[in-house]
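Here is the structure we will look at.
Just so it is clear: chains get the letters A, B, ... in the order the sequence lines come, proteins before strands, and each one is counted from 1. Reckoned from all heavy atoms, side chains included, excluding hydrogens, waters and symmetry mates.
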Protein chains: 2
Amino acid sequence: MAAILEAGRRELAERGADGLSLRAVAREVGMVSSAVYRYVASRDDLLTALISEAYGAVADAAEHAASARTTPGRRFVRLCGALRTWGQEHPHEYALLYGSPVPGYHAPEATTDIATRTPRAAAALVQEAYDAGTLEVHEPGPPLGRVLAGQCAAMGEALGMSVPEPVVLRLAQAWTQVYGAISFELFGQLRNTFDPADAFAAHTFATAARHVGFTDL
Amino acid sequence: MAAILEAGRRELAERGADGLSLRAVAREVGMVSSAVYRYVASRDDLLTALISEAYGAVADAAEHAASARTTPGRRFVRLCGALRTWGQEHPHEYALLYGSPVPGYHAPEATTDIATRTPRAAAALVQEAYDAGTLEVHEPGPPLGRVLAGQCAAMGEALGMSVPEPVVLRLAQAWTQVYGAISFELFGQLRNTFDPADAFAAHTFATAARHVGFTDL
DNA sequence: CAGAATGCAAGAGCAGTGCTCTCTCTTGCG
DNA sequence: CGCAAGAGAGAGCACTGCTCTTGCATTCTG
């Protein structure tokens, strides 16, 4: 069983989700294809297991980066950098988690749950800065609107935050910016423009952090 | 030939890139699979043609939204909204263009070229606002760094802009934020949080526009 | 200790895929 | 009228996911 998962991990890392063939996995562990169906219900089942593993792996990287001994703002930037690095090292897994959803596959609740570990790590940093008073809470421009405010409140609670709703919104926006930049780079949208995207990424992560309100960069 | 392309379009829209089967396309046009190989070199070849079409379609939508009779800032926001709407109406095509790259496929230069139409439409709005003096050019915080400044200059030129490099950078960052938000929504990352994401999208597009420097929203 | 029950793997087979090769038929043109 | 070119058909190869049946070995039980 563990051997099957490990072979699946290798296949996924090398050939990607589309190329993840149950028969190839079977060959790799020295079984015939029908034999692996004793351990895994279907190809999608194996994929689900690998997705869960991958979510855990990014979260590990993110949490580790967030545990550095500096200011929350700098740890936020480090967290973003860790996401990017992980994506560069595991492009197929990143695509699986944050790219186009696979054809007929629908993530079960369990993976939806584990997927929140990473944003929770970021949220904790925001909360820490807010509590320490180093988070700049911008004067509210236009008020948020009923639905948006409600969604932000719910999201803040889900992430374990107790901050004003606009702060949650800014975090969400920064989050989309960070992932947008990483995805653009990894998916080849930045080719011929920011080709070594290191500087662009670093600058964007800092911008995102400032947008959230971090003043301790 | 045109029938094949049309059938491919339908298949792609319904079943997605992974489900795009050349045999199914053949069935749909009432041919046997080997016959369509007279018109299309391979499955990837058909996919490439469809990708080019799709790039043109988004660009059409973007340019149409950008041609409204209001201020550049508002047209920028409308453009973002058009991207989102197009993505909602053509989720599989959107995933093909901006999601995880397909397995062994590498976009030929031609599609890379047509892909710039959409960002060029956005760039034109920025240029227009800059020329009109309604674009706020933020005081430069930390200077940009050699590589980043060079990349921004090249990118600005490729997009037909003549504005300071930081403006180009801010546009690129806003761009990643916009696409990040749209992709997050379309790829299901926002489920259980911003579930009807209309308000979030609208707010984020406005935020992106302000980040670029538009003051005429 | 003998026999039954259980678990694991193999094999064959079905329906589908991309793609190639050969063959036939129709159509247009000199 | 005859010939060449093009369009489609058919068979076939190697691959995929998945199911069902069969065989073997281990383990549990009377």
(request) Assign a letter to each nucleotide of nucleotides 11-18 of chain C from its 5' end: B, base within under 4.0 Å of a protein heavy atom; S, sugar-phosphate only; -, no contact. (result) B-B---BB
(request) Starting from P on D/dT16, measure out to CG on A/Leu47 and report it in whole angstrom. (result) 16 Å
(request) Rounded to the nearest 0.5 Å, what's the gap from CG on B/Leu46 to CG on B/Leu5? Could you check? (result) 6.5 Å
(message) Distance check, rounded to the nearest 0.5 Å: A/Tyr37 atom OH versus A/Arg43 atom CZ?
(response) 9.5 Å
(message) Please list, in numerical order, the residues of residues 2-13 of chain A that have a heavy atom closer than 4.0 Å to any atom of DNA chain C.
(response) none
(request) Figure out the CG/P separation between A/Asp44 and D/dT16, and round it to whole Å. (result) 16 Å
(message) With rounding to the nearest 0.5 angstrom, report the CD to CE distance, A/Glu165 to A/Met155.
(response) 12.5 Å
(request) Answer yes or no: is there an ion pair linking A/Arg10 with A/Glu14, defined by an N-O contact shorter than 4.0 Å? (result) no
(request) Start with the C-alpha gap between B/Phe184 and A/Trp175, add the side-chain angles, then the distance that decides, and say whether side chain to side chain contact (heavy atoms under 4.5 Å, CB included) holds. (result) CA-CA 10 Å; B/Phe184 257 32; A/Trp175 206 239; 3.8 Å; yes
(message) Please compare B/Arg38 and B/Ala41 by the position of their nearest nucleotide in DNA chain C and report the one closer to 5'.
(response) B/Ala41
(message) If the test is side chain to side chain contact (heavy atoms under 4.5 Å, CB included), which one of A/Phe187, A/Tyr94, A/Tyr98 qualifies with A/Ile182?
(response) A/Tyr94
(request) Compute the angle between the rotation axes at the two ends of the helix from C/dC1-D/dG30 to C/dG30-D/dC1, each taken over five pairs, rounded to 10 degrees. (result) 20°
(request) May I have the step-by-step check of side chain to side chain contact (heavy atoms under 4.5 Å, CB included) for B/Leu20 and B/Leu50, ending in yes or no? (result) CA-CA 11 Å; B/Leu20 178 67; B/Leu50 295 172; 3.9 Å; yes
(request) Quick one: sort the A/Phe76 and A/Phe214 rings into parallel, tilted or perpendicular, breaks at 30° and 60°. (result) tilted
(request) Would you mind reading off the distance between B/Met31 atom CE and D/dA9 atom P, rounded to a whole angstrom? (result) 8 Å
(request) State whether a side-chain donor-acceptor pair under 3.5 Å links B/Gln173 with A/Thr207. (result) yes
(request) Would you mind reading off the distance between A/Asp45 atom CG and D/dG17 atom C1', rounded to a whole angstrom? (result) 14 Å
(message) If we count only N and O atoms by modelled type, under 3.5 Å, do the side chains of A/Gln88 and A/Glu185 hold a donor and an acceptor together?
(response) yes
(request) Quickly work out the B/Tyr39 OH to D/dA9 C1' distance and round it to whole Å. (result) 13 Å
(message) Other residues, nucleotides and ligands only: do more than 12 of their heavy atoms fall within 6.0 Å of CZ on B/Arg78?
(response) no
